[in-house]
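Written below as structure tokens is the structure these notes are about.
Each ligand, and each atom within it, is numbered from 1 in the order the structure gives. Count residues from 1 along the sequence.
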Amino acid sequence: MKKLEGKVAIVTGASKGIGASIAKHLAAEGAAVVVNYASSKEGADRVVNEIVSNGGKAIAVQANVAKKAEIEHLFSEAHQAFGKLDILVNNAGIYEFSPLENITEDHFYKQFDLNVLGVILASQQGVKYFGSEGGSIINISSIVSTLAPANGSVYSATKAAVDAITKSLAKELGSRHIRVNAINPGMVETEGTHAAGIAESEGRQQTEAQTPLGRIGQPQDIAPAVVFFASDDSAWITGETLFITGGLR
Ligand code: NAP
């Protein structure tokens with residue numbers, strides 16, 4: 001028996017990178033998966049097709065997860081397609097780096113609106129749709145929430161907020177059988193880190209030199225832990241932050 005047979009999951013930002021891998025891993029364990037995307041319909045369709053061609057269930061739903069009305073649309077589409085919800089993975093996020101003197105309101109709000117407000121509003125919807133048996137919320141935070149590298153004050157602050165939200169909601173929702181955990185990846189090779197030049201940067205080499213396991217991560221290094229937090233294997237775990245970083249702190 002697969003671990004997530006009969007469960008329904010929403011993964012935000014699942015057209016690429018870590019989110020795409022999470023969607024495929026959840027589906028491989030039997031969950032029906034809603035693959036959310038903002039702009040890459042092609043990427044989301046590719047993830048859905050791969051899941052369906054392996055015998056799984058998935059649909060793609062476009063929604064900007066920084067906007068309340070679009071988040072509501074995402075959850076109602078998911079409900080219409082699969083009739084229930086058990087797992088919410090708040091993965092959609094952006095990372096931008098800037099020295100203090102160049103920080104603008106736009107730099108701040110862009111990241112906080114998606115990485116923090118989006119997590120809160122999506123969780124609010126998730127709780128509304130979870131059944132009486134509860135659910136599991138998994139927030140994709142980052143090593144930067146504690147490592148806090150130079151030129152990343154705003155991005156690091158968004159992920160420190162995600163860690164705090166994770167702990168606070170775990171306490172608030174535990175009595176309703178809703179568990180809330182975070183996964184904090186180190187540097188992972190994704191479309192996003194390539195587009196930002198991070199995956200080819202000197203910073204990557206420095207990171208690898210400081211990482212006990214000697215390399216940066218791949219999306220499939222992260223996704224199995226999401227399956228763990230989504231499944232009953234973690235039934236007595238809530239409010240935790242799991243650092244998956246190759247040992248880097
Ligand atoms: P990525 O390759 O840039 O992919 C980002 C995904 O999020 C895409 O599917 C994108 O969809 C979606 N997205 C962006 N803005 C969105 C919005 N407003 N609404 C809905 N979806 C949106 O990112 P990644 O590197 O896999 O990172 C995923 C998560 O892991 C983020 O929360 C990030 O902070 C965290 N993280 C990443 C790393 C790393 O090194 N990669 C390390 C630690 C933590 P479209 O393409 O359709 O716009």
Can you tell me which portion of [X] lies within the under-4.0 Å heavy-atom range of ligand 1? Options are side chain, backbone, both, or neither.
X: I18; result: both
X: P219; result: neither
X: A195; result: neither
X: E189; result: neither
X: L114; result: side chain
X: A44; result: neither
X: N36; result: side chain

Among all protein heavy atoms, pick the one closest to [atom] and tell me residue, atom and distance.
atom: atom 16 (C) of ligand 1; result: A38 CB, 3.6 Å
atom: atom 44 (C) of ligand 1; result: S141 O, 3.1 Å
atom: atom 30 (O) of ligand 1; result: I140 CG2, 3.4 Å
atom: atom 5 (C) of ligand 1; result: G93 O, 4.4 Å
atom: atom 11 (O) of ligand 1; result: S15 OG, 3.3 Å
atom: atom 34 (O) of ligand 1; result: Y155 OH, 2.7 Å
atom: atom 48 (O) of ligand 1; result: S39 OG, 2.9 Å

May I ask you to list the atoms of ligand 1 that are less than 4.0 angstrom from any heavy atom of [X]?
X: A14; answer: 9 (O)
X: G186; answer: 40 (O), 42 (C), 43 (C)
X: T193; answer: 39 (C), 40 (O), 41 (N)
X: M187; answer: 40 (O)
X: Y95; answer: 3 (O), 23 (O), 24 (P), 25 (O), 27 (O), 33 (C), 34 (O), 41 (N)
X: N64; answer: 17 (C), 18 (N), 19 (N)

If we count only N and O atoms by modelled type, under 3.5 Å, do the side chains of [X] and [Y] hold a donor and an acceptor together?
X: S141; Y: D163; result: yes
X: E29; Y: H25; result: no
X: T166; Y: N139; result: yes
X: E133; Y: H177; result: no
X: T146; Y: R249; result: no

Is there a nitrogen or oxygen of [X] sitting under 3.5 Å from a nitrogen or oxygen of ligand 1?
X: I143; result: no
X: V188; result: yes
X: V65; result: yes
X: G19; result: no
X: K159; result: yes

Original post:
Considering residues at least two apart in sequence or located in another chain, which fulfil the salt bridge (Lys or Arg N to Asp or Glu O under 4.0 Å) criterion with K2?
Top reply: none
Original post:
In terms of ring plane angle, is the pair F97 and Y155 parallel, tilted or perpendicular, where the classes change at 30° and 60°?
Top reply: perpendicular
Subject >> Plane angle bin for F108 and F112 - parallel if under 30°, tilted between 30 and 60°, otherwise perpendicular >> reply: parallel
Which option wins on minimum heavy-atom distance to [atom]: [options]?
atom: atom 28 (C) of ligand 1; options: I22, N91, V162, V89; result: N91
atom: atom 1 (P) of ligand 1; options: G192, S21, G17, G43; result: G192
atom: atom 43 (C) of ligand 1; options: P185, S40, A60; result: P185
atom: atom 7 (O) of ligand 1; options: A20, G13, S145; result: G13

**OP:** Measure the shortest side-chain to side-chain distance between V65 and N36 over non-hydrogen atoms and say whether it is less than 4.5 angstrom.
**Re:** yes
Original post:
Hey, are E208 and R204 close enough for a salt bridge, meaning a charged N less than 4.0 Å from a carboxylate O?
Top reply: yes
Subject >> Basic-acidic side-chain contact under 4.0 Å: E72, K68 >> reply: yes
**OP:** With sequence neighbours left out, write down each residue that passes side-chain hydrogen bond (donor to acceptor under 3.5 Å, both in side chains) with T193, or none if nothing qualifies.
**Re:** T190
**OP:** Rounded to the nearest 0.5 Å, what's the gap from CG on N115 to CG on D113? Could you check?
**Re:** 9.5 Å
Subject >> Reported CD1-to-CD1 distance for the pair I244 and I222, which is rounded to 0.5 angstrom >> reply: 4.5 Å
**OP:** Check the pair V35 / I59 against side chain to side chain contact (heavy atoms under 4.5 Å, CB included), numbers first and verdict last.
**Re:** CA-CA 6 Å; V35 174; I59 58 163; over 6 Å; no
**OP:** May I ask whether A63 has any heavy atom positioned less than 4.0 angstrom from an atom of ligand 1?
**Re:** yes
Original post:
Donor-acceptor pair, N54 side chain versus G56 backbone, under 3.5 Å?
Top reply: no
